[in-house]
Amino acid sequence: HRHLLALQGLEPPYIAELLDLAESYALLNRSGKTQRDVLRGQTLINLFFEDSTRTRTSFELAGKRLGADVINMSVSTSSVNKGETLLDTASTLNAMKTDLLVIRHAQSGAPALLSQKVDAAVINAGDGTHEHPTQALLDALTIRRRKGRLENLTVAICGDVLHSRVARSNIHLLLAMNCRVRIVGPPTLIPAEAEALGVEVFHDMRAGLKDADVVMMLRLQKERMQGGLVPSAREFFRFYGLDAAKLRHAKPDAIVMHPGPMNRGVEIDSAIADDPTRSVIGEQVEMGVAVRMAVLDILSQNQRRNAR
Ligand code: CP
């Protein structure tokens, strides 16, 4: 594969190869050893049209750990503000001989469009409500480390599924890796096509969490809600916010995940988010660096292979 634009349709062996390489980078990162020559001489540009803390920083760290020259393009001070189009921005980056281009954009499909216009390998760092592939890969790596496998686990993805690119990427990956996937939320926040994706839909947290191995909470994305939040934040927390009482319906050793940034007291109670016996939110962030190192490494290898 030349780019990483989506997980939908990716072959399970390719996903497993990415996770295995990410696991080896996770071990190297923990031992403090670095791999400075894998991307030596390569240029990576981070092009973020939407805000980010975790994804942008971890791509920067991943690129630097592998020896790439990393540029963070600040869109808010770029010529995009003078009306330059996405495709003209792409031509400019192409002329600078960029090897790896990481893009986050509010429009679903923007990274795919860009990938047709640039020579660089394009990595989707989140596009609209479509996909966030590296987030789902780091979630899968975290689950695999904690549970020892991905197959035959029951994963409940809860909350604002409608606006969540994280949920879509996770659904595609987890189904491809033979997990049972449930989505849980109010009817206003569940996409109409949900059941066609092959997941089970629940509107009651207790039923949706029953005997789950993994409880994955999502951020309420108020910035994508045209008509405001229905139900209100207070009602949402009461019925769908993860607290100790609701978590008791999952398996006793169920892990709790959240991609971040969190709305504490809205989709998740702080006591659960900060509980080291249940929450793996910190490990998700740690695995984000390892997964992004693996993605950069494999796409760069593919580029060299194609150039031969
Ligand atoms: N999970 C995630 O994508 O976080 P950021 O928006 O901080 O990158």
Side-chain angles (χ1 to χ4, degrees), residues 4-7 18-19 22 26 44-65 70-76 100-111 122-143 145 155 157-174 183 189 214-225 242 255-264 266-268 272-274 279-296:
L4 180 64
L5 302 173
L7 294 183
L18 282 166
L19 294 179
L44 183 160
I45 295 190
N46 271 326
L47 183 60
F48 279 60
F49 290 86
E50 280 191 316
D51 296 341
S52 171
T53 297
R54 283 147 282 268
T55 312
R56 204 193 67 157
T57 312
S58 58
F59 266 115
E60 181 176 358
L61 206 49
K64 286 182 172 164
R65 284 208 180 142
V70 181
I71 315 286
N72 290 315
M73 222 185 102
S74 168
V75 171
S76 60
L100 296 148
L101 185 59
V102 179
I103 173 172
R104 170 171 286 190
H105 201 282
Q107 299 297 330
S108 301
V122 175
I123 300 153
N124 179 3
D127 60 332
T129 58
H130 174 226
E131 282 221 31
H132 189 351
T134 56
Q135 177 70 46
L137 286 164
L138 74 88
D139 291 338
L141 183 60
T142 307
I143 296 171
R145 296 184 119 228
V155 181
I157 304 177
C158 310
D160 182 4
V161 181
L162 181 65
H163 301 102
S164 179
R165 54 199 181 202
V166 172
R168 274 176 193 73
S169 284
N170 264 295
I171 289 169
H172 294 307
L173 185 154
L174 294 168
I183 58 175
L189 295 176
V214 177
V215 181
M216 186 182 289
M217 301 310 297
L218 300 171
R219 180 174 70 85
L220 272 183
Q221 303 200 25
K222 292 188 192 150
E223 73 276 19
R224 299 191 210 279
M225 295 177 191
L242 187 67
I255 56 169
V256 174
M257 310 181 79
H258 194 300
M262 279 184 280
N263 295 306
R264 289 171 180 267
V266 180
E267 67 256 357
I268 190 163
I272 300 292
D274 299 332
S279 167
V280 297
I281 295 168
E283 189 168 340
Q284 286 174 267
V285 177
E286 183 188 347
M287 291 309 119
V289 178
V291 154
R292 285 159 185 138
M293 289 170 85
V295 168
L296 296 174

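Order of appearance sets the numbers: ligands from 1, and atoms from 1 within every ligand. In what follows, residues are counted from 1 in the order of the sequence shown.
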Side chains of N72 and E60 only: does a donor on one sit below 3.5 Å from an acceptor on the other? yes

Numbering the atoms of ligand 1 from 1, which are under 4.0 Å from a heavy atom of T55? 2 (C), 3 (O), 4 (O), 5 (P), 8 (O)

Among side-chain atoms of R224 and T129, is any donor-acceptor pair under 3.5 angstrom? no

Apply salt bridge (charged side-chain N to carboxylate O under 4.0 Å, His left out) to residues D274 and R264 and explain how you reach the verdict. CA-CA 10 Å; D274 299 332; R264 289 171 180 267; 2.9 Å; yes

May I ask you to identify the nearest protein heavy atom to atom 4 (O) of ligand 1, giving residue, atom name and distance to one decimal place in Å? R54 NE, 3.0 Å

Does the pair M225 and L162 meet the rule for a side-chain contact (heavy atoms from CB on, under 4.5 Å), with working shown? CA-CA 10 Å; M225 295 177 191; L162 181 65; over 6 Å; no

For G260, the ligand 1 atoms with a heavy-atom partner under 4.0 Å come out as 1 (N), 2 (C), 4 (O)

Closest to atom 6 (O) of ligand 1 (judged by heavy-atom distance), picking from R104, R56, Q135: R104

Which of the numbered atoms in ligand 1 are under 4.0 angstrom from any heavy atom belonging to P259? 1 (N)

Answer yes or no: is there a side-chain heavy-atom contact under 4.5 Å between D139 and Q284? yes

Atoms of ligand 1 less than 4.0 Å from T53 heavy atoms? 5 (P), 7 (O), 8 (O)

Close side-chain approach of L189 to V161, heavy-atom, < 4.5 Å: no

So is E50 touching ligand 1 or not, going by heavy atoms under 4.0 Å? no

